[in-house]
Amino acid sequence: MPRSGERGRLMSALKQGLLPVYYFSTLPLRKRLRRRLAERGRVPISVLMYHHVTRDCPASWCTSLAAFRRHIGWLQQHCTILSLAQVQENLLYGKWTSRPAAAITFDDGYADNLRALADLLEAGMPCTYFVTVENIRTGTPFEHDLAHGYRFRPNTPAEIRALAEAGVEIGSHGWKHVDFHRLAPSELYRQMELSKKWLEDLTGQPVRAVSVPFGRREHMAPWVICAARRAGYQLVCSAYGGYNLPFRQRFHILRFAGDDCLWRLRNRVTIDPRLLRRTLAEYIPIDAKWDLKTGSQSYPRELTQGYEKSFSPRTLPIVAPCENCQISSCWLDMDDAAPTSLVPIERSSGSHV
């Protein structure tokens, strides 16, 4: 192995070994930060993303089944696991839970994932399973697997139908596993709409979410978001990491990639101050760019038809954040100078609390 490769592996192992030290040294800060954010209804939500969970883990996008079970055991003990619909609701209304909140998702659609999904179903933990229709329909291995010499079997249509019947939410990962932002706008919309309809016909259930293949920043072009909206999806998931922030997001969901390291998972889910600062500094609130005609970026003409409603880039319409509170004002910045005001809702003497 080249010396640079050895040095890289050594540095990676050193950083991973220091994660427990960082976790425990910042734990008091994390607890104070969470209390402060909870008072203002702004507790971030983590969404986890797995690809291929298998007993043997030869590729970088694989997670070992043993590591995944450690993740599930820790999450079950320390966190509240939400569905994506609940994540969206919490982001919109400023709800929070007493424990750190997280959601679990999978991309692509590997047959080996059935063991991991069985563990989630047994634990009563919701998850969303994003699948690429063409690979599910034909049984063809994924191109990124073939490029590295692997021939992992994708799920079959019968397996996807059985998962939906068992309570797993099925989402679209596109008709083909391609770079969405490089497609012609008409083809992008056609593939999004076609994959949604095919999965709905297969499962007999609505498909409300789509995850963008690759899902890095460069793949999340504004017209990709617009095509997802036009195709009827209620949320779209990326994959470049970051927290989901109440009042800033409700359609574009950021996700952390799952790997074997449980300490990295702990750091992310319990609100790492560094990751929160990075999210606040780097996040572009695409949710606020609903006015496609006056946006700063150019949008393909065929994707802008039918969009007339526009929201201010600094505020979003918010209603009651929880059962007994409503928001009297909302400001997107998370500094102390502009807090969100929570006002108790008046209840009649005969109402049941």
Side-chain angles (χ1 to χ4, degrees), residues 26-48 75 78-105 126 209 234-238 241-256 266-290 311-347 351-353:
T26 59
L27 193 57
L29 173 60
R30 294 167 190 263
K31 292 180 179 179
R32 290 197 303 270
L33 178 61
R34 179 176 173 80
R35 285 196 300 269
R36 180 183 174 190
L37 292 171
E39 290 172 354
R40 302 158 64 188
R42 301 191 178 201
V43 179
I45 300 175
S46 305
V47 179
L48 307 175
L75 290 169
H78 298 280
C79 302
T80 299
I81 304 301
L82 306 175
S83 67
L84 284 184
Q86 291 172 318
V87 169
Q88 196 172 42
E89 181 182 12
N90 287 14
L91 294 175
L92 176 62
Y93 298 147
K95 294 182 179 180
W96 64 92
T97 59
S98 59
R99 303 194 300 176
I104 299 172
T105 67
Q234 297 181 37
L235 59 87
V236 58
C237 292
S238 60
Y243 292 111
N244 297 283
L245 309 173
F247 311 136
R248 288 199 181 191
Q249 298 160 261
R250 66 183 180 279
F251 186 75
H252 175 197
I253 303 298
L254 283 70
R255 298 181 295 169
F256 292 111
R266 290 181 176 183
N267 270 296
R268 290 169 173 171
V269 173
T270 56
I271 310 180
D272 185 337
R274 297 179 308 168
L275 290 178
L276 181 58
R277 284 196 298 269
R278 190 183 73 185
T279 301
L280 291 169
E282 299 180 358
Y283 175 67
I284 299 175
I286 293 177
D287 279 6
K289 294 185 177 181
W290 278 25
F311 295 118
S312 162
R314 295 190 63 78
T315 58
L316 294 174
I318 304 294
V319 292
C322 53
E323 185 178 357
N324 61 347
C325 290
Q326 64 184 6
I327 291 182
S328 62
S329 64
C330 176
W331 195 256
L332 288 183
D333 292 332
M334 294 189 68
D335 53 79
D336 289 329
T340 297
S341 175
L342 298 181
V343 181
I345 296 175
E346 295 294 334
R347 293 182 180 271
S351 62
H352 176 71
V353 179

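Taking NZ from K31 and OG1 from T270, the interatomic distance works out to 10.0 Å, rounded to the nearest 0.5 Å. Atoms CD1 and CG, from I45 and L82 in turn, are 6.0 Å apart once rounded to the nearest 0.5 Å. Put simply, CG on L91 and CD on Q88 are 8.0 Å apart, with the number rounded to the nearest 0.5 Å. We find the CD-CH2 distance between E39 and W96 to be 9.0 Å, quoted to the nearest 0.5 Å. Here CG of L48 is found 7.0 Å from CD1 of I81. Values are rounded to the nearest 0.5 Å. Between R266 atom CZ and H78 atom NE2 the span is 6.0 Å, to the nearest 0.5 Å.
The backbone N or O of S238 lies less than 3.5 Å from a partner atom in the side chain of R255, making a donor-acceptor pair. Between the side chain of N244 and the main chain of I253, no donor-acceptor pair closer than 3.5 Å is present. When atom types are taken as modelled, the side chain of R34 and the backbone of R99 share a donor-acceptor pair closer than 3.5 angstrom. Panel note: side chain T97, backbone T80; no donor-acceptor pair is recorded below 3.5 Å. Under a 3.5 Å cut-off, the side chain of R42 and the backbone N or O of R36 do not form any donor-acceptor pair. Side chain of Y243 to backbone of V43: no donor-acceptor contact under 3.5 angstrom is found. Checking side-chain atoms of T26 against main-chain N and O of L29 turns up no donor-acceptor pair under 3.5 Å.
Between P126 and S83, the closest heavy-atom pair is CG-N, 3.8 Å. Of all heavy-atom pairs spanning P246 and G41, the tightest one is CB-O, 3.5 Å.
Among L84, L254, I104, the one residue that satisfies the side chain to side chain contact (heavy atoms under 4.5 Å, CB included) test with V47 is L84.
Between the side chains of S46 and R268, not a single donor N or O lies within less than 3.5 Å of an accepting N or O.
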Q: Just do the side chain to side chain contact (heavy atoms under 4.5 Å, CB included) check on D272 and R30 with the steps written out, would you?
A: CA-CA 7 Å; D272 185 337; R30 294 167 190 263; 3.9 Å; yes
